[in-house]
Amino acid sequence: MAALGHVKFAVFICLSLLTFIYSDQGKHSRFEYKHSFKGPHLVNKQGKVPFWNHYGSAIPSEDQIRITPSLKDQKGGLWAKTVTEKEFWEVEVFLKISGRGRVGGDGTAVWFTEDAGHPGPVFGSADKWKGMGLFFDSFDNDGEQNNPYIMVMVNDGTKAYDHHKDGIHQQLGGCMRDFRNRPYPVRVKIRYYNNILTVFYHGGMSNRDEDYELCMRAENVQLPKQGIYGVTAATGGLADDHDVIKFLTHSLTPPLSSEEQKKKQLTEEQRKKFEDQYEQNVKKLDDQKEEFQKAHPEQKEKKQAEEKYESVYERDVRLMYEAANAIHQLVMKLHGKTGELAKEVNTLHSVVSDGKGKDQGDGSIRQEMNTLISLQNQIHSIVKEQQERRSAGQDTNVLNNIESNIRTVLENVSHLVTSAQLKNTPPLPPSTPACPTVNCVSTSTLLMCMALQLFVGFGYMIYKGHQDQAAKKFY
Ligand code: MAN
Ligand code: CA
Ligand code: CA
């Protein structure tokens, strides 16, 4: 499978090369990736454009490099790290120059110079360069109303650019175009071949490749045999965003002799052979994929199952939600039950009060009193647990209500016990039992109280268990 992938990749590379090396108007054009960049993934992890250095205000991002933001007096630049190997070349640069003002400044420059530039006064780069600079000059410094202007200036390292006159007398050639705030990127294609320098301009009114027009052409141009490409920009009192979107470089070489052509150029037959091979390999890959799926159906099922069932995260969230819901239900139930219990004990209390003085006390009263005391103890322990829970920061209104209900029960039971104790002083010997004349507290009532009591305790245990489980899910 992996070998197949490599074959596929190799064939793809060959086909790509075939498209890069082609004969065009008697010259060969070859894409130079080390002197180019384009989106959508312009920057590496270090935030740099591979094979390029940037300085000043330039900020590379995924799909463009902002050489200057629209702030006053900014300078920025981007220069290829390596020199060119071929004497003749063609670069195509995509730019966006935009600003809110009717007039902007100052402009962008595309360079081919002997050495890489550094920050300076000429559109963000150093003066007295050796080589060529093409300037998108937005601001009309000399007031001749001839800007925005695109111009080429060749320098042998001796001339200082005349910023105040927009270099009007220093230009090799140019054309006046408004390149600011265009709907699509504006483009420039600079071709240097056989010492002829030609500049084509694309006004950014469309995204079509064929919308280029000739801006300038000059013969007998002497540029360094080897050089470095750069793109820089600057703002002054006025400011624009100067963004570069693409920089595509091709080296241009003379056509090969017929002998060389035979050796180097891939014939149509070979091309067809590669294409067929590629098709076959793709088919083979598909067949193998199918075979693998047949041989390992569990893999497919596994994948389907993974899609069908929820993820660990989804399950945890769902469980937490369900647990919280269950706790809520339980607490509400507990709330209702303690209310009932309170009512029950109140009834008990009034019955005991009514029977005061009538009851002479006997064994059954003593037994009931003992049950009441144990009931009191149990309720007391619940109240204590409630207090602990509240001190752990888990108090809610409902839990408070439960507690207050239990407190009422506790008070009433205390009262009941005290009344019963008073009645039985001094305690009667068990040998002389006497039936009460009034049925003050029935055994069934007491048993019901105890059942409720147990229910409360049991409910609380379940609630606590749920809560512990829910708490564990957070770790
Ligand atoms: C000021 C100066 C000039 C610059 C213009 C336009 O006048 O900074 O150098 O060209 O603003 O930005
Ligand atoms: Ca200017
Ligand atoms: Ca001018």
Side-chain angles (χ1 to χ4, degrees), residues 22-32 35-36 79-80 82-93 95 107-117 120 122-123 125-137 142 144 146-163 165-177 179 186-203 212-232 247-257 260:
Y22 66 98
S23 197
D24 173 32
Q25 296 166 1
K27 60 186 178 293
H28 287 283
S29 171
R30 184 192 162 97
F31 181 65
E32 300 291 344
H35 303 134
S36 305
W79 290 85
T82 56
V83 293
T84 55
E85 285 167 7
K86 299 282 174 7
E87 186 179 358
F88 300 117
W89 44 264
E90 182 177 286
V91 294
E92 190 181 11
V93 189
L95 299 159
T108 303
V110 179
W111 302 93
F112 178 75
T113 56
E114 210 168 88
D115 302 304
V122 189
F123 300 99
S125 188
D127 210 342
K128 298 191 176 175
W129 65 95
K130 285 182 184 164
M132 177 227 79
L134 178 143
F135 308 145
F136 285 83
D137 185 1
D142 61 358
E144 291 290 325
N146 53 0
N147 291 80
Y149 192 79
I150 302 160
M151 65 165 263
V152 173
M153 178 171 166
V154 175
N155 200 341
D156 58 2
T158 58
K159 289 180 258 182
Y161 170 69
D162 191 351
H163 175 71
K165 293 226 154 40
D166 298 319
I168 192 95
H169 305 297
Q170 299 169 309
Q171 65 168 326
L172 182 67
C175 56
M176 192 178 143
R177 297 287 183 280
F179 44 76
V186 296
R187 314 182 198 181
V188 70
K189 205 183 263 180
I190 311 165
R191 182 181 298 155
Y192 180 56
Y193 186 64
N194 288 345
N195 301 92
I196 298 170
L197 189 73
T198 323
V199 173
F200 300 93
Y201 173 69
H202 185 306
Y212 271 103
E213 54 160 327
L214 182 69
C215 172
M216 63 80 74
R217 183 177 188 274
E219 293 186 6
N220 301 317
V221 179
Q222 302 298 321
L223 294 185
K225 286 206 164 35
Q226 291 192 324
I228 307 232
Y229 299 108
V231 53
T232 64
F247 196 111
L248 308 172
T249 301
H250 286 84
S251 57
L252 303 175
T253 46
L256 303 168
S257 69
E260 284 170 323

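Just so you know, residue 1 is the first one in the sequence shown, and it goes up from there.
- Remark: K27 is not positioned above the aromatic ring of F88, lacking an NZ or CZ atom under 6.0 angstrom from the ring centre and at most 45 degrees off the axis.
- By the 4.5 Å heavy-atom criterion applied to side chains, K86 and L252 are not counted as neighbours.
- Closest approach of P255 and Y193 over heavy atoms only: CD-OH, 4.2 Å.
- By the neighbour-count criterion of 12 heavy atoms within 6.0 Å, atom CD of E85 is sparsely surrounded, having that number or fewer from other residues, nucleotides or ligands.
- The distance from atom CG of N147 to atom CZ of F135, rounded to the nearest 0.5 Å, is 12.5 Å.
- F123 and Y161 have their aromatic ring centers within a separation under 6.0 angstrom.
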Derivation and outcome, side-chain contact (heavy atoms from CB on, under 4.5 Å), residues I150 and F179: CA-CA 9 Å; I150 302 160; F179 44 76; 3.9 Å; yes

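- One N or O on the side chain of S36 and one on the backbone of T249 form a donor-acceptor pair closer than 3.5 Å.
- Within a 6.0 Å sphere centred on NZ of K189, heavy atoms belonging to other residues, nucleotides or ligands number more than 12.
- With contacts defined as side-chain heavy-atom distances shorter than 4.5 Å, the pair N195/E219 does not qualify.
- A distance of 11.5 Å separates CZ in R191 from CH2 in W89, rounded to the nearest 0.5 Å.
- The distance from atom CG of N155 to atom CD of Q170, rounded to the nearest 0.5 Å, is 8.0 Å.
- Taking CD1 of I228 as the start and CD of E114 as the end, the distance is 10.0 Å to the nearest 0.5 Å.
- Within 6.0 Å of the NZ atom in K159, the count of heavy atoms belonging to other residues, nucleotides or ligands exceeds 12.
- Of the inter-residue distances, the one linking W111 atom CH2 with L134 atom CG reads 10.0 Å to the nearest 0.5 angstrom.
- Nearest heavy-atom pair, E32 versus S251, reported as atom, atom and distance to 0.1 Å: OE2-OG, 2.6 Å.
- With hydrogens and angles ignored, the 3.5 Å screen pairs a side-chain donor or acceptor of T84 with a backbone N or O of G227.
- Within the 4.5 Å cutoff, no side-chain heavy atoms of D137 are placed close to those of M151.
- In the model, Y212 has a side-chain atom that pairs as donor or acceptor with a side-chain atom of E92 under 3.5 Å.
- At a threshold of 4.5 Å between non-hydrogen side-chain atoms, the residues M132 and V152 count as touching.
- Across every non-hydrogen atom of W79 and S125, the tightest pair is CZ2-OG, 3.5 Å.
- For the pair D166 and D142, the tightest heavy-atom approach, listed with the atom from each and the gap, is OD2-OD1, 2.9 Å.
- To the nearest 0.5 Å, atom CE of residue M153 and atom CH2 of residue W129 are 3.5 Å apart.
- Nearest heavy atoms, F112 versus Q226: CZ-C, 4.0 Å.
- Comment: E213 engages R177 in a salt bridge, judged by a side-chain N to carboxylate O separation of less than 4.0 angstrom.
- Proximity of a side-chain donor or acceptor of D156 to a complementary backbone N or O of T158 within less than 3.5 Å is detected.
- Considering every non-hydrogen atom in both Y229 and H35, the closest pair reads CD1-CB, 3.8 Å.
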